[in-house]
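Following: one structure in structure tokens, then a few remarks.
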Amino acid sequence: MADPKGFMTTPRQDWPRRPVAERVRDWDEVYVPGALLPIISKQADRCMDCGIPFCHEACPLGNLIPEWNDLVSREDWRAAADRLHATNNFPEFTGRLCPAPCESGCVLAINQPAVTIKNVEVAIADRAWELGFAPPRPPERLSGRTVAVIGSGPTGLAAAQQLTRAGHTVAVYEKDDRLGGLMRYGIPAFKMEKHHLERRIEQMRAEGTKFRTSTAVGRDIGAAELRSRYDAVVIATGATAWRELDVPGRELTGIHQAMEYLPLANRVCEGDLEVSPMSAAGKHVVIVGGGDTGADCLGTAVREGAASVTQLDIYTQPGSERDEDIDPWPTYPKIYRLSAAHEEAGELRTAPAANADARLFAASTLRFTGDADRHVRSLHLVEVDAQRRSVPDTGRTLPADLVLLALGFSGPDKEDGLVDQLGLGLDPRGTLTRDARFATNVPGVFAAGDAARGQSLIVWAIAEGRAVAAAVDRHLTGSSRLPAPIGPYDRPMVV
């Protein structure tokens, strides 16, 4: 604890964002380059070294947060990087993409703004790369065992890196033409520029991990054939089966899933396309779904030059402070949060019919109507109460040339043949079944990440990847020194 009074003398200061008018004209990350380092040591000083660090419990990775806060306050970047990478393979990803449940569990957050844990994390990760503290770590010797990892999202990459470093020969199979899963084509570049992903993949290549892109297991290669080639298989395909909206007019053209829309915008940034065929330019856009994916669609549509953008959230607007009866500390509370995309939409007034940040809360879609060409032109909605019951006389209509459905995901995609070809078990939610060792009902096949857990946060995805790697290592060798931060049945803290 470098400054015992830091939490009393230093106010919270977050990484500043670039001006809205500037950042909506490009796809670069929204934060001011270079503005974090000058403030981060003082922010790390605010850590109380509280004795019982609930931030550990709030993060499934078990990050050693007070330790690296202290090291950052002393500007010992090498030791801080070592502590950070001891529990997290990809802190530059989580530091940009995770909603930071660790900050909700910060003891200081009981009665003050929490320590900026997420900002400290990303500062360490970026400094580690700048100063050469994240070199490849190839194994000293090979085990002679082989593992196939299906899926290159955060779970698959974490599992592959851990198993490679343990000495196994690992090949990662990815159905898309580039690696990264949703981090590549689902997360907009303004949230995480792709060079962070490329840099980590190159590190993994140097360590010995092999990658097979444009290969859908179950279609391009039979799942049973793949299983016969390797000593073990890890399924980390994610939860890509999107939820539908069953209302009249859904069949109209111009209504798309968020994960049909976002990948095309990302491909424009990658240089594959000049213009997205689903571009929001000049269109009235309505996003159905109030979560992070909906916010990603919002920020993307704003950058594409939409005529208007409105986001519908079926939940009532939460308060700005934690409700101790519903979400007591240290659980992750449902409070009003203003993402960068909502800040942009609010300042630019993209949704005159909505609230200040383009969101309409407590709004339920009734139906869509279209023109003579069967293209969507309007969305009809009604206000609902906390039990999602329609409120009389609250119906309204929004113009809608492009509707994006961001309603979440129910489990792995069943259409690629992987599940059927291996005969994998599914639970009632549609996710893969597994036992306490992450093993499926098929010998030698393991399941991890959203495909088995269900839709979750990136920190849970990486924790799953690390834990399944330990399970596979134990399966192959009889024991393992790899860390297993969580079990397959662990869940976030709730009341």
Please check if any side-chain donor atom of [X] sits under 3.5 Å from a side-chain acceptor atom of [Y], or the reverse.
| X | Y | value |
| --- | --- | --- |
| T331 | D327 | no |
| H196 | E29 | yes |
| T431 | R429 | yes |

Salt bridge [X]-[Y], side-chain N to carboxylate O under 4.0 Å:
| X | Y | value |
| --- | --- | --- |
| R96 | E193 | no |
| R267 | D177 | yes |
| R359 | D357 | yes |
| E464 | R434 | yes |
| D3 | K5 | no |
| E202 | R205 | yes |
| R184 | D176 | no |

Would you call [X] and [Y] a side-chain contact if the rule is heavy atoms closer than 4.5 Å?
| X | Y | result |
| --- | --- | --- |
| K191 | D296 | yes |
| E121 | T94 | yes |
| C50 | C55 | no |
| V445 | Y230 | no |
| C106 | F54 | no |
| E103 | R12 | yes |
| F361 | P318 | yes |
| R178 | K194 | no |

Using modelled atom types only, decide if a donor and an acceptor are shared between the side chain of [X] and the backbone of [Y] within a distance under 3.5 Å.
| X | Y | value |
| --- | --- | --- |
| R46 | K42 | no |
| S339 | H342 | yes |
| Q161 | A158 | no |
| D450 | Q455 | no |

If you count every heavy atom of other residues, nucleotides or ligands that lies below 6.0 Å from [X] atom [atom1], does the total exceed 12?
| X | atom1 | result |
| --- | --- | --- |
| R437 | CZ | no |
| Y336 | OH | yes |
| D126 | CG | yes |
| E324 | CD | yes |

Pairwise distance [atom1]([X]) to [atom2]([Y]) - rounded to 0.5 angstrom:
| X | Y | atom1 | atom2 | answer |
| --- | --- | --- | --- | --- |
| L338 | S320 | CG | OG | 12.0 Å |
| R200 | F90 | CZ | CZ | 6.5 Å |
| L476 | L163 | CG | CG | 7.5 Å |
| I124 | R78 | CD1 | CZ | 14.5 Å |

From the options T155, L457, L157, N88, select the one residue that forms a side chain to side chain contact (heavy atoms under 4.5 Å, CB included) with I462. N88

Is the distance between the ring centroids of F409 and W242 under 6.0 Å? no

Aromatic ring proximity F133/H85, centre distance under 6.0 Å: no

Checking side chain to side chain donor-acceptor pair (under 3.5 Å) for the pair S41/S73: CA distance, chi angles, key distance, verdict? CA-CA 4 Å; S41 294; S73 72; over 6 Å; no

Go through the steps to decide whether E67 and R83 satisfy the test salt bridge (Lys or Arg N to Asp or Glu O under 4.0 Å), and finish with yes or no. CA-CA 7 Å; E67 294 185 34; R83 293 291 198 286; 2.7 Å; yes

Run H56 and N63 through side chain to side chain donor-acceptor pair (under 3.5 Å) and show every step you take. CA-CA 6 Å; H56 283 194; N63 283 331; over 6 Å; no

Validate the cation-pi geometry between R127 and W77: distance from NZ or CZ to the six-membered ring centre under 6.0 Å, angle to the ring axis within 45°. yes

Applying ring pair (Phe, Tyr, Trp, His ring centres under 6.0 Å), run through H475 and F446 and close with a yes or a no. CA-CA 10 Å; H475 168 75; F446 298 77; 5.3 Å; yes

